[in-house]
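Predicted model, so just to flag it, every value in this text is computed and none were measured.
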Amino acid sequence: MNDAEYQRFTDAAAQCQMTNAAFLAYAVDKAARDLARTAAEIATEREVLDELFAARRHLGRIHGLFNQVAKTLNSGANAPHLDAAAQAVLNAARRMEDAADTLLAHRDGGCPA
């Protein structure tokens, strides 16, 4: 467990008004009671992270392509669909940010009920 993970863990325990040991015991017991769900959540999170990293790579490539478009436009060429393409990329980036935020919110979770 790295320092950030430990801090998140201790903050969550404190927010739930539990000791670290009690919070950990609760979390382990909850995970152990439904191993199929626990495994599915871990697998799903990994798959989502893989997709987010792939999307980030694609956005990096698109960045390079937009640099080429800028160079072409600076040479006097025309790009009639540039605004629509830029808007589509912006929308994709926002969806990726929303997905990452949703994943983090799910991962950080709430207090035990």
Rounded to the nearest 0.5 Å, what separates atom [atom1] in [X] from atom [atom2] in [Y]?
| X | Y | atom1 | atom2 | result |
| --- | --- | --- | --- | --- |
| N91 | D98 | CG | CG | 10.5 Å |
| L65 | L59 | CG | CG | 11.0 Å |
| L90 | R95 | CG | CZ | 10.0 Å |

Shared hydrophobic cluster, [X] / [Y] (ILVMFWY, side-chain heavy atoms < 4.5 Å):
| X | Y | answer |
| --- | --- | --- |
| Y6 | M18 | yes |
| F23 | V28 | yes |
| M96 | F53 | yes |

Heavy-atom closest contact (N20 atom, A13 atom, distance): OD1-CB, 3.5 Å

Non-hydrogen atoms of A22 and T19 that approach each other most closely: N-OG1, 3.0 Å

Under 3.5 Å side-chain donor-acceptor pair for D3 and Q7: no

Residues which pass side chain to side chain contact (heavy atoms under 4.5 Å, CB included) with L82, listed by chain and number, not counting sequence neighbours: F66, V69, L73, A79

Test side chain to side chain contact (heavy atoms under 4.5 Å, CB included) applied to D83 - qualifying residues, sequence neighbours left out: none

Heavy atoms of other groups near N74 CG, more than 12 under 6.0 Å: yes

Heavy-atom check, side chain of N2 versus side chain of E5, under 4.5 Å: yes

By side-chain hydrogen bond (donor to acceptor under 3.5 Å, both in side chains) - contacts of E97 (at least two apart): none

